[in-house]
Protein chains: 2
Amino acid sequence: MAIAETGTIDSELTDSQRERRKRIVDAAITLAVEGGYDGVQMRDVAERADVALGTLYRYFPSKVHLLVNVLHQLTGDMVDRLDRNPPKGQTAGARVLDLLDRSMRVLQREPQLADAMMRALMFADASAASEVDAVSAIMTGAITRSMHGPDREPTHEDHAIARVIENVWWAYILSWLSGRASARQVTDDLEAAVRLLVR
Amino acid sequence: MAIAETGTIDSELTDSQRERRKRIVDAAITLAVEGGYDGVQMRDVAERADVALGTLYRYFPSKVHLLVNVLHQLTGDMVDRLDRNPPKGQTAGARVLDLLDRSMRVLQREPQLADAMMRALMFADASAASEVDAVSAIMTGAITRSMHGPDREPTHEDHAIARVIENVWWAYILSWLSGRASARQVTDDLEAAVRLLVR
DNA sequence: CAGCGTGGTAGAACGTGTTCCAGTTCGGGA
DNA sequence: TCCCGAACTGGAACACGTTCTACCACGCTG
């Protein structure tokens with residue numbers, strides 16, 4: 001999957017620039033895994049990526065952009081894996097739940113990283129709208145595809161349902177990360193929501 | 001409606017302390033109306049409220065706590081008004097939509113204030129979980145009450161539906177505030193979501 | 001009445017996101 | 001090959017949330 005990068009088209013970058021950006025993203029992920037949103041400090045990212053602070057800001061105009069980009073990338077990777085190994089289940093609801101459960105497990109494996117990415121996503125303002133939309137589109141697409149077989153064309157209603165599920169998904173993930181719900185509660189609540197939405 | 005305050009019970013405060021807290025909240029609202037989340041600067045809040053910075057932090061342990069408290073208070077006020085003048089509509093779905101439309105109009109009247117409160121709500125971490133829960137409970141309650149008449153006891157399913165609607169509500173509000181959707185789109189999307197959820 | 005503790009004040013200090021600056025390096029065109 | 005502009009570098013500077021320090025004022029208690 002080709003990921004559109006912040007402001008610049010991938011093909012317009014030299015190899016060393018692609019290298020630099022990868023180092024930056026990797027550094028951000030490493031720090032996020034260890035310390036969550038607060039653990040990603042721009043000076044540390046720059047140092048780890050072996051890049052000057054100013055350069056870091058040339059590639060990503062803010063911490064939020066950087067972390068939303070990380071989310072974008074990892075969401076894309078995850079959905080790629082899911083497409084190669086599609087959600088299982090007899091009914092549309094079961095497949096959607098399988099998708100959400102697997103995604104939840106991915107996040108649970110690195111809760112601090114999830115914290116960093118989600119806080120950035122939620123805090124993003126208009127200047128990051130397009131990146132946020134991109135993440136949203138990936139997720140909505142995956143949900144839509146899981147609802148029916150890959151053959152049938154999704155209806156307008158399918159899309160509406162998928163978008164509701166997607167938003168509930170983010171909301172519940174956030175409530176888990178901010179300590180208002182356990183992981184168990186989240187999966188249970190998601191199951192209830194999907195049951196209501198996917199008849 | 002009595003609002004539980006951050007950490008301290010209302011009745012344990014002297015009059016002058018109640019006064020101070022009110023001045024702080026009012027100052028925060030004024031600044032938020034003008035400049036949104038970024039416009040609420042703690043030094044300015046303190047100055048406007050005629051209170052030392054340290055005192056501000058004694059009353060509200062962080063900017064997020066302060067703004068979530070504002071949201072708590074204003075949400076409570078709005079729901080009080082709604083309870084005195086309940087949502088109209090023949091069906092449960094119509095009443096819920098009336099509730100959400102009216103709430104949306106309140107937010108649209110002061111979009112910058114909405115921005116400040118919502119960013120705080122979304123950015124809140126575990127230390128503000130109880131305040132966030134309180135806001136959530138007010139909203140879920142209002143939605144539940146609007147679904148059936150005030151007489152019938154809400155079922156378990158009613159609550160599940162109300163919680164899904166509530167989360168979709170916040171998500172759509174956020175997408176409006178961060179410029180990813182127009183107010184019109186939000187009301188349309190909410191209508192679609194409610195139609196799906198309230199049969 | 002004296003003293004004491006709580007809560008208040010003014011303002012310095014600190015940490016981290018972001019911006020700016022002066023100098024250096026690098027890649028592509030004359 | 002030489003030169004120019006764009007990109008990069010190290011580091012200072014700035015803004016704002018948060019914390020800390022030193023001191024003051026008030027109401028309660030011995």
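Not measured: the values here are computed from a predicted model. These numbers come from the heavy atoms of this one structure, side chains and all, not from hydrogens, waters or symmetry mates. Convention: sequence-line order gives letters A, B, ...; per-chain numbering from 1.
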Enquirer: Just the rounded figure in Å: distance from C1' of dT18(D) to CG of Leu67(B).
Expert: 15 Å
Enquirer: Do you know the tightest heavy-atom contact between Ala28(B) and Val40(B)?
Expert: O-CG2, 3.9 Å
Enquirer: Give the rounded distance in Å between these two atoms: CD of Glu19(A) and C1' of dC8(D).
Expert: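 For the pair Glu19(A) CD and dC8(D) C1', the rounded distance is 16 Å.
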Enquirer: Grab the CG-P distance between Asp50(A) and dC8(D) for me, whole Å please.
Expert: 13 Å
Enquirer: Round to the nearest Å and state the distance from Arg20(A) atom CZ to dA6(D) atom P.
Expert: 17 Å
Enquirer: Output every pair passing side chain to side chain donor-acceptor pair (under 3.5 Å) with a member in residues 43-54 of chain B, not counting sequence neighbours, ordered by first then second residue.
Expert: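 Every pair satisfying side chain to side chain donor-acceptor pair (under 3.5 Å) with a residue in residues 43-54 of chain B: there are none.
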Enquirer: Separation of Arg58(A) atom CZ from dC8(D) atom C1', in whole Å?
Expert: 8 Å
Enquirer: Could you pull out all residues at least two apart from Phe123(B) that satisfy ring pair (Phe, Tyr, Trp, His ring centres under 6.0 Å)?
Expert: Tyr37(A), Phe123(A)
Enquirer: Looking only at side-chain N and O atoms, does Gln17(A) come under 4.0 Å of OP1 or OP2 in dG27(C)?
Expert: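 Answer is no, no contact under 4.0 Å.
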Enquirer: Is the distance from OP1 or OP2 of dG8(C) to the nearest side-chain N or O of Thr55(B) less than 4.0 Å?
Expert: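 Checking dG8(C) against Thr55(B), no side-chain N or O comes under 4.0 Å of OP1 or OP2.
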Enquirer: Quick test of your reading: applying salt bridge (Lys or Arg N to Asp or Glu O under 4.0 Å), list the pairs with at least one residue in residues 163-175 of chain A, sequence neighbours left out, ordered by first then second residue.
Expert: Arg163(A)-Asp189(B)
Enquirer: What pairs with Ser182(B) under side chain to side chain contact (heavy atoms under 4.5 Å, CB included), at least two apart in sequence or on another chain?
Expert: Arg184(B), Gln185(B)
Enquirer: According to a strict under-4.0 Å criterion, is Tyr59(B) in side-chain N/O contact with OP1 or OP2 of dG8(C)?
Expert: yes
Enquirer: Mind listing the N/O atom pairs, protein and nucleotides 21-24 of chain D, below 3.5 Å?
Expert:
none

Enquirer: Would you list the pairs meeting salt bridge (Lys or Arg N to Asp or Glu O under 4.0 Å) in which at least one residue belongs to residues 103-117 of chain B, sequence neighbours left out?
Expert: Asp115(B)-Arg119(B)
Enquirer: For Arg84(A), enumerate each residue passing the side chain to side chain contact (heavy atoms under 4.5 Å, CB included) test, keeping only those at least two apart in sequence or located in another chain.
Expert: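 Residues passing side chain to side chain contact (heavy atoms under 4.5 Å, CB included) with Arg84(A): Asp80(A), Arg81(A).
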Enquirer: If I take atom CD in residue Glu47(A) and atom C1' in nucleotide dT9(D), what distance separates them, rounded to the nearest angstrom?
Expert: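 Computing the Glu47(A):CD to dT9(D):C1' distance gives 14 Å.
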Enquirer: Listing request: all salt bridge (Lys or Arg N to Asp or Glu O under 4.0 Å) pairs with a residue in residues 56-75 of chain B, at least two apart in sequence or in separate chains.
Expert: none
Enquirer: Do you see a donor-acceptor pair shorter than 3.5 Å between the side chains of His65(A) and Glu131(A)?
Expert: no
Enquirer: Please report the distance, rounded to the nearest Å, between CG in Leu56(A) and P in dT9(D).
Expert: 10 Å
Enquirer: Rounded to the nearest Å, what distance is computed from the CG atom of residue Asp44(B) to the P atom of nucleotide dA15(D)?
Expert: 13 Å
Enquirer: I'd like a list of close polar pairs between nucleotides 17-26 of chain C and the protein, N/O only, cut-off under 3.5 Å.
Expert:
unit_1, atom_1, unit_2, atom_2, d
dG17(C), OP1, Val40(A), O, 3.3
dG17(C), OP1, Lys63(A), NZ, 3.0
dG17(C), OP2, Met42(A), N, 2.9
dG17(C), N7, Arg43(A), NH1, 2.8
dG17(C), O6, Arg43(A), NH2, 2.8
dT18(C), OP2, Tyr57(A), OH, 2.9
dT18(C), OP2, Lys63(A), N, 2.9
dT18(C), O5', Tyr57(A), OH, 3.4
dT18(C), O4, Arg43(A), NH2, 3.1

